[in-house]
Amino acid sequence: MTDPILSARGLTRRYGGVAALDNVDIDIAQGEFLALLGPSGCGKTTLLRCIGGFVQPTSGEVLIEGKPVQGVPAHKRPVNTVFQNYALFPHMTVAQNVAYGPQRAGVAAAEVTTRVREALKMVGLPDHGERYPTQLSGGQQQRVALARAIINRPKVLLLDEPLGALDLKLRKHMQIELKRLQEQLGITFVFVTHDQEEALVMADRIAVMNAGKIEQIGTGEEIYRSPASLFVADFIGDANLIDVTVAGTGEVTMARGGDFLGRLPSASTGSFRMLARPEQLSFLGPDSAPPTLRFAAIITRSIFVGDALRVYAELVDGTEVAIKLVDERARTGLATGQQVSIGWYGEDARLFPVQR
Amino acid sequence: MNLSRFNIFCLIVIPVACLFAFCVAPLGVAAASSFFTDQGDFSLQTYWKILADEEYRSTLWATLVISVVVTAIAAPFGFLIAYYNVMVVKSKLARRLIYMAVILPLFTSNIVRAFGFMVLLGRNGIVNNTLMWLGAVETPVRFLYSDVAVVIGLSYIFVPFMVLSIASALQGIDRSLLQASSDLGGGPWTTFRRVVLPLSLPGVLAGSIIVFTLSVSAFVTPSVMLGGRGKVMSMIIYEQYVSFMNFPFGAALAITLMFTAFVVVALYSYVFERKLAWSRA
């Protein structure tokens with residue numbers, strides 16, 4: 001990456017003995033849309049607040065355009081934040097809220113008026129300048145918070161779960177709109193979310209965080225297809241995790257029960273947890289091509305989810321796996337309690353070593 | 001919900017009866033008595049007397065001025081204490097102790113506290129002795145038995161009401177608003193002036209109205225601090241009722257005081273109104 005606009009080096013923040021951020025390194029490119037994804041308490045918000053200047057790191061540093069910002073107070077950093085609860089000033093009108101940043105920067109009054117109008121137009125609220133925040137819906141407040149931040153043309157815009165309070169339909173709409181706005185403005189976005197789908201929809205790259213560390217950073221596809229850890233595999237997308245043992249000859253057996261599954265000649269040997277996405281599994285009929293791995297199972301239930309049928313089946317060791325069937329024809333003749341064979345095709349299985 | 005007629009009757013009648021018994025009736029009786037002579041004839045003579053007599057007008061004016069000054073002094077002091085306690089003090093225990101220190105004086109009688117001030121402010125009191133020792137004054141300053149003494153005494157007594165009122169407003173300010181202000185380039189002073197201060201105004205308004213109305217009707221503290229060398233309205237009213245048994249005139253004085261105080265509060269609220277439009281949005 002040439003000249004990252006934002007970097008963290010060995011960033012650590014401890015609260016008492018607990019590390020909310022544990023030696024985090026990250027580089028974010030100019031114009032990038034980066035999602036910080038992880039469960040609550042993983043440190044993603046702490047990282048955002050360290051960048052914004054609201055939390056002082058215990059050690060390590062944040063660099064903006066290569067310059068350390070340690071000791072620079074929040075109001076002097078070239079970044080802006082869209083807060084989780086929007087934090088709109090209730091005693092100011094929408095226009096006054098949006099004008100707050102440029103006024104602090106000493107922009108001339110006439111220019112402020114023009115920019116406020118542009119910013120409100122950009123977020124689709126051109127006629128709401130005279131209202132008070134309490135007179136707006138949640139989605140509208142969200143847009144005002146966005147306008148109030150982008151009007152300052154920050155080097156980096158930090159967004160702390162900004163869509164969390166919106167209903168599903170509005171959230172999906174705003175995801176697309178945020179992405180469009182980000183591409184239009186060319187501002188670097190750092191977006192905190194616990195919603196993996198949201199991260200996949202919007203982000204150029206996703207940093208998956210867990211227990212104060214970045215587990216993996218990459219495009220959505222990289223993270224989905226080749227998760228670096230069991231945590232990432234489980235957190236992103238739906239994951240079937242099956243305990244297997246690989247012997248010297250690449251012979252794969254169930255870890256419990258020892259049923260023979262197939263051969264993976266390129267795999268290393270030992271005890272593993274294998275990742276099989278629901279769409280990678282299929283039911284085997286009499287005329288199916290021989291799969292790489294074959295599992296015996298009993299169908300436990302099936303759920304119609306609109307664009308597909310999700311069938312759940314129990315393997316011989318009791319593990320329940322999900323199989324996603326998109327093809328209409330493959331859905332017929334599957335009954336609960338039926339004995340089936342499930343096939344996994346492919347060469348390169350994601351195997352995570354485990355202690356047993 | 002299904003309410004019987006009897007329940008509805010009770011729900012409406014009981015609050016209205018309480019309101020009438022505790023608020024409307026006593027005031028109504030006083031107001032009515034001010035319009036009648038002892039013989040039972042309707043008359044406005046009591047009010048003419050108040051308007052005509054220079055002494056009553058000047059006492060009314062002095063009472064209002066004292067109350068305004070007390071409010072003007074209590075507001076900044078109250079704000080300072082409230083701001084310090086809510087925004088600066090981090091420890092919960094310390095905050096509670098400060099609240100206790102603020103409220104504790106309210107548990108003692110006004111008379112005790114007024115006499116305490118006499119000890120402090122007297123000719124040989126601590127304040128004068130200190131001033132003379134410092135060489136600030138040659139002879140003791142006469143604090144007592146003046147309007148200044150009343151203002152000092154009342155300000156001290158009423159600051160807690162201001163503190164509690166403003167503290168509750170400050171407590172209600174979402175901390176993320178302060179961060180948002182900082183995030184948008186507002187330094188600490190700007191954040192205070194543009195965010196904290198305007199959002200605390202409802203508390204300042206409420207506190208001011210409480211302190212002003214309490215000051216207007218205060219009796220014990222002015223009596224002690226003036227020591228018979230001056231009067232405020234409450235003392236004249238007391239005199240009419242207790243010494244002269246002139247109920248109609250006492251009532252007229254009380255109604256006049258109430259009405260003027262109401263006008264002052266209404267004007268004050270009206271000026272504030274514009275700044276608080278957001279809170280009703």
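The basis for the numbers below is simple: all heavy atoms, side chains too, and nothing from hydrogens, waters or symmetry mates. Bear in mind that the values here come from a model prediction, so they are computed numbers and not experimental data. Residue numbers begin at 1 in each chain, while the letters A, B, ... track the order of the sequences.
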Should we count [atom1] of [X] as having more than 12 external heavy atoms under 6.0 Å?
X	atom1	answer
Lys155(A)	NZ	no
Tyr15(A)	OH	yes
Phe262(B)	CZ	no
Arg180(A)	CZ	yes
Phe77(B)	CZ	no
Arg57(B)	CZ	yes

Using non-hydrogen atoms only, which part of [X] is less than 4.5 Å away from chain B: side chain, backbone, both, or neither?
X	answer
Leu158(A)	neither
Arg131(A)	neither
Phe83(A)	side chain

Can you find a pair of side-chain heavy atoms, one from [X] and one from [Y], that are under 4.5 Å apart?
X	Y	value
Phe54(A)	Ser182(B)	yes
Pro90(A)	Asp174(B)	no
Ser176(B)	Gln84(A)	no
Trp278(B)	Pro133(A)	no

Show the nearest heavy-atom pair for residues Arg148(A) and Ala180(B), with the distance to one decimal.
NH2-CB, 3.5 Å
To check you understand the geometry: which heavy-atom pair defines the closest contact between Thr191(B) and Tyr100(A), and what is its length?
CA-OH, 4.2 Å
CD of Gln103(A) to CG of Leu184(B), rounded to nearest 0.5 Å, is 10.5 Å
Gap between atom OG of Ser181(B) and atom CZ of Arg104(A) - 0.5 Å precision:
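Output value for this atom pair is 7.0 Å.
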Does His91(A) use its side chain to pair, donor to acceptor, with the backbone of Arg194(B) at less than 3.5 Å?
yes
Is there a donor-acceptor pair closer than 3.5 Å between any side-chain N or O of Asn80(A) and the backbone N or O of Asp183(B)?
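Yes: the side chain of Asn80(A) pairs with the backbone of Asp183(B).
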Below 4.5 Å, heavy-atom pairs only: which of Asn85(A), Asn152(A), Val79(A) has the largest tally toward chain B?
Asn85(A)
